[in-house]
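Remarks on the structure that follows.
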Amino acid sequence: MLARPMIRASRLCCRCYATGTSTTPPMLLKIRKDMKTAMQNKDSNRLSVLRALLSQTLNASKTSSPINTDMQMLALLRKSANAAKAAAEEFKGAGRQDLADKEDLQRGILEEYAGGVEVLGEEEIRGAVEGVVRGMKGEGEVKLGDVLKKVFEKDVLGEKAVERGEVARIVREVLKVG
């Protein structure tokens, strides 16, 4: 009797993994590197903050809006810092100064990282907004939403690190003046 090679169905299966084109934000790489340093230095406060940040980014990666840019990371840092500030105020109100101090220390670490994200300056944003508004004045009535759409196109500010709220504020100012 001849032996026939047996083919297993599991070996024929083609596995497809999701390979998105998303890159890791530089701030996230810095946080991972600093976490290793905090482990080596036995800095428990910094380590717990960094672990919490990495946990939040991992949780966000499983949702429909993962963290892919430094601006999204900055938003997460600010959200966490505000939560730490609110918690510290609650602890102070409850007479737990020790826990309030711990939250303030964590907030300081979060703000340190938030300050490390490079964002475009107000002058650069204002120059881009004024250029877009000048270009749109010949087309007729200039509306806030239309200006914001043009400003956030890839060739204007789309790929740059800017705060959307700051841009909206500047657009309102330019439209009031113009």
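Rounding to the nearest 0.5 angstrom, the gap separating the CZ atom in Arg78 from the CG atom in Leu110 is 12.0 Å. Here the straight-line distance linking atom CG of Asp98 with atom CZ of Phe91 works out to 8.5 Å at 0.5 Å rounding. In this structure, CZ in Arg32 is found 11.5 Å from CG in Leu53, a value given to the nearest 0.5 Å. Atom OG1 of Thr37 and atom CG of Leu47 lie 10.5 Å apart (nearest 0.5 Å). Between Thr57 atom OG1 and Lys62 atom NZ the span is 10.5 Å, to the nearest 0.5 Å. Taking CG of Asp43 as the reference point, atom OG of Ser48 lies at 8.5 Å (rounded to 0.5 Å).
Lys92 is linked by a salt bridge (Lys or Arg N to Asp or Glu O under 4.0 Å) to Asp104, counting only residues two or more places apart in sequence or in another chain.
Leu105 and Met35 are members of different hydrophobic clusters when ILVMFWY side chains are connected at heavy-atom separations under 4.5 Å. Linking ILVMFWY side-chain heavy atoms closer than 4.5 Å, directly or via other members, places Leu54 and Leu29 in two distinct hydrophobic clusters. Criterion: ILVMFWY side-chain heavy atoms under 4.5 Å apart, direct or through other members. Under it, Met71 and Met73 are part of a common hydrophobic cluster. Connection of Leu58 to Met27 is not established within any shared hydrophobic cluster, with ILVMFWY side chains joined at heavy-atom distances below 4.5 Å, either directly or through further cluster members.
For CZ of Arg96, the number of neighbouring non-hydrogen atoms (other residues, nucleotides, ligands) closer than 6.0 Å is 12 at most. Around the CD atom of Glu90, the shell of radius 6.0 Å holds no more than 12 heavy atoms that belong to other residues, nucleotides or ligands.
A salt bridge does not link Arg107 to Glu103: none of the charged side-chain nitrogens sits closer than 4.0 Å to a carboxylate oxygen.
The backbone N or O of Leu76 lies less than 3.5 Å from a partner atom in the side chain of Ser80, making a donor-acceptor pair.
Between Leu50 and Asp34 the shortest side-chain heavy-atom distance falls below 4.5 Å.
Nearest heavy atoms, Ser61 versus Pro66: CA-CB, 3.7 Å.
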